[in-house]
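In this text, all values refer to a predicted model and were calculated from it rather than measured experimentally.
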Amino acid sequence: MTTRGDDDPATGHARALLRTATRYSGARCVALCLVSTAATGAGLLLPAALGRALDLLLAQAPATRWVLYCAALVLLLAQLDAAQTVLTGTVDARSTAWLRHRLTVHVLGVGPRAAGRFGSGDLVARLIGNAAEAGTTPAARAALLAALAGPVGGVVALGLIDWRLAAVFLAGAPVLTFLLRAVARDTTESATRYQQAQGRIAGALAEAVEGFRTVRAAGTEGRETARVLRPLAGLSEAGHRMWRVQGRAAAQAVAVAPLLQLGVVAVAGVLLTRDLLSVGEVLAASRYAVLATGVGVLVGRLAGLARARAAARRLGEIRAEPATAFGERRLPDGPGRLEVRGVTARRGGRTVLDGVDLVVPGGTTLAVVGRSGSGKSLLAALAGRLADPDAGEVLLDGVPLRELPHDDLRRAVGYAFARPALLGGTVGQAIGLGLASPCPDRIRAAARTALADDFVRRLPHGYDTPVADAPRSGGESQRLGLARAFAHGGRLLILDDALSSLDTATERHITDALLGDGPGTTRLLVAHRSATAACADAVAWLDEGRVRAVGRHEELWRLAEYRAVFGEGTDSAYAGAGSGAEA
């Protein structure tokens with residue numbers, strides 16, 4: 001059973017976006033419609049004025065006034081055309097900016113789920129290219145009335161000159177109507193395929209750029225280039241199809257329109273020989289026949305609208321992905337007790353976490369360990385509501401995270417990641433990201449705790465150095481991310497593999513500082529080293545999405561399978577791990 005376009009959520013969201021974008025520039029759209037219509041009206045008056053002036057000149061009667069009328073209409077058309085160009089550009093820019101802003105806010109509201117579904121490269125392509133194309137819709141719709149008024153007005157004018165002229169033209173009108181419908185349908189289909197291919201190329205390119213070091217090290221530049229450009233054949237095919245559709249429409253218009261114009265002029269000539277029309281009226285009729293067959297303008301307008309509609313649907317797919325909803329329940333005072341109750345989470349059709357139950361008492365540290373793919377990072381994301389479980393719930397001080405307001409949740413939970421994104425103009429701003437009023441002393445204190453202060457001070461402008469101009473290693477980037485988490489504070493601190501790029505001595509120093517934050521901070525630590533797990537109050541051992549055991553590290557260390565999580569052999573002694581040596 002096929003789904004009707006009207007029932008497609010993406011199409012519905014696309015229409016809503018375009019309606020709101022049109023209202024956003026409503027006054028300018030009205031002005032554009034009026035200017036375009038006025039230009040069409042002036043264009044319809046000009047043939048009649050030319051015809052009248054010609055008749056007066058042939059009759060050797062005074063024609064100065066009508067010549068001046070013609071000159072005034074030509075000047076008015078030039079001014080209206082300039083105003084139409086400015087208004088079209090303004091409306092396009094405003095609508096595009098509004099769409100990009102609205103979609104960016106929505107993507108951030110959806111969170112990591114958006115990149116997981118569409119891919120970061122495809123998202124960027126939609127927010128930049130597709131938004132720009134969809135942003136032309138309000139102006140195109142505003143000008144479409146004038147584009148339609150030209151042919152309709154030409155037919156009416158022919159009828160006013162003589163009804164037989166209009167009848168000749170209307171005999172071929174069904175052919176033009178069929179042509180326009182076919183153009184709109186075929187252009188929409190080919191534009192959709194073209195934009196999908198663009199998105200696939202952008203997604204593959206983003207992956208290649210992100211992993212350029214791996215590509216260079218593996219020596220697979222040629223293979224990766226081929227992978228990125230693989231959708232190029234589909235892109236070329238869709239692009240050529242769009243040109244063929246428009247070219248075929250133009251060719252058909254060239255074939256049909258002159259025949260209609262010739263028929264009108266022939267009938268007008270016959271009427272002229274019978275003294276039923278004047279020479280000026282024949283001239284006007286020939287010009288109105290050209291206006292009435294203005295298929296080229298309509299084909300261009302409809303093709304542009306079809307491409308914009310296809311682009312808007314791709315934006316509608318983003319809007320159809322629901323943003324994370326937040327509640328209004330206030331977070332009470334508490335020590336930061338974290339509870340995970342019966343949490344199940346699926347990704348890509350696979351159950352990553354299955355019925356996980358955990359309790360982290362306030363002010364304590366829980367290390368989460370497990371083999372790759374056991375669900376550690378997903379559990380860390382669920383603990384601070386960067387993602388939602390498919391079943392079960394996560395509570396902070398007795399309140400389900402779903403019921404908390406956005407600001408309360410984000411103030412209460414701090415994060416540090418293995419590969420932190422350092423956002424902000426300067427290094428200091430990157431550390432203070434998310435703080436309502438960043439304090440330089442607080443930022444520097446957090447950097448000292450993360451052992452980042454020394455290398456930041458050596459930068460050209462210290463904490464005022466632009467992030468893009470701050471050379472740093474992976475470990476230094478990770479320390480800046482830790483400094484941001486320390487500056488954030490809050491009652492729950494989640495470190496998702498945030499110590500992985502640090503040397504053993506630095507990790508031990510930061511771990512000691514982390515565990516010394518005091519009873520007001522609860523810590524969830526995704527750990528890959530036995531030395532890190534040994535410093536935690538308790539360890540949660542994940543195995544294939546389930547909690548296999550919770551206990552002290554030294555107790556679990558007696559199990560060979562637990563030691564194997566860290567790559568330790570069965571004969572290894574716990575003393576080596578507990579002494580701070582890297583596993």
Side-chain angles (χ1 to χ4, degrees), residues 10-44 75-107 123-153 180 183-184 187-188 190-192 194-195 198-199 242 246 291 294-319:
T11 302
H13 283 288
R15 290 173 178 167
L17 278 172
L18 293 179
R19 281 196 301 268
T20 311
T22 302
R23 286 197 298 268
Y24 178 71
S25 297
R28 289 175 173 82
C29 287
V30 170
L32 176 59
C33 184
L34 293 175
V35 168
S36 301
T37 305
T40 300
L44 290 170
L75 180 61
L76 178 61
L77 280 170
Q79 293 174 336
L80 291 173
D81 182 66
Q84 185 176 357
T85 301
V86 172
L87 283 171
T88 299
T90 303
V91 172
D92 286 351
R94 282 175 56 87
S95 301
T96 300
W98 182 88
L99 285 170
R100 286 175 177 165
H101 178 267
R102 178 63 62 91
L103 268 297
T104 300
V105 170
H106 184 73
V107 167
L123 270 179
V124 172
R126 292 175 191 240
L127 294 178
I128 295 178
N130 295 151
E133 201 149 22
T136 63
T137 303
R141 286 176 173 174
L144 185 60
L145 176 63
L148 290 170
V152 172
L180 294 176
V183 168
T187 302
T188 299
S190 55
T192 299
Y194 186 86
Q195 291 161 5
Q198 280 183 317
M242 278 196 297
Q246 295 184 45
L291 290 175
V295 177
V297 176
L298 282 177
V299 166
R301 295 288 186 191
L302 291 177
L305 280 172
R307 292 193 298 271
R309 184 169 61 183
R313 192 189 180 283
R314 284 172 56 79
L315 300 182
E317 290 176 355
I318 298 177
R319 285 288 295 177

Strictly distance-based, threshold 3.5 Å: is any side-chain N or O of T136 a donor or acceptor partner for the main-chain N or O of E133? yes
If only atom types and distance count, is the side chain of T137 paired as donor or acceptor with the main-chain N or O of A134 below 3.5 Å? yes
If you look at every heavy atom in [X] and [Y], which pair is closest and at what distance?
| X | Y | answer |
| --- | --- | --- |
| V91 | C29 | CG1-SG, 3.9 Å |
| A14 | A312 | CB-O, 3.2 Å |
| L77 | A42 | CD2-CB, 3.7 Å |
| A131 | L315 | CA-CD1, 3.8 Å |

Say whether T90 and R28, considering side chains only, have a donor N or O and an acceptor N or O under 3.5 Å apart. no
My understanding is that only one of R314, R100, R313 makes a side chain to side chain donor-acceptor pair (under 3.5 Å) with N130; could you say which? R314
side-chain contact (heavy atoms from CB on, under 4.5 Å) between R126 and L103, intermediate numbers included: CA-CA 9 Å; R126 292 175 191 240; L103 268 297; over 6 Å; no
Which value, rounded to the nearest 0.5 Å, describes the distance between [X] atom [atom1] and [Y] atom [atom2]?
| X | Y | atom1 | atom2 | result |
| --- | --- | --- | --- | --- |
| T20 | R15 | OG1 | CZ | 14.0 Å |
| S25 | D92 | OG | CG | 9.5 Å |
| L123 | I318 | CG | CD1 | 5.0 Å |
| T40 | L44 | OG1 | CG | 6.5 Å |
| T11 | E317 | OG1 | CD | 8.5 Å |
| L127 | T96 | CG | OG1 | 12.0 Å |

Stepwise, does the side-chain contact (heavy atoms from CB on, under 4.5 Å) test hold for T22 with W98? CA-CA 10 Å; T22 302; W98 182 88; over 6 Å; no
Going through the checks in order, is the side-chain contact (heavy atoms from CB on, under 4.5 Å) test met by R141 and L305? CA-CA 8 Å; R141 286 176 173 174; L305 280 172; 4.0 Å; yes
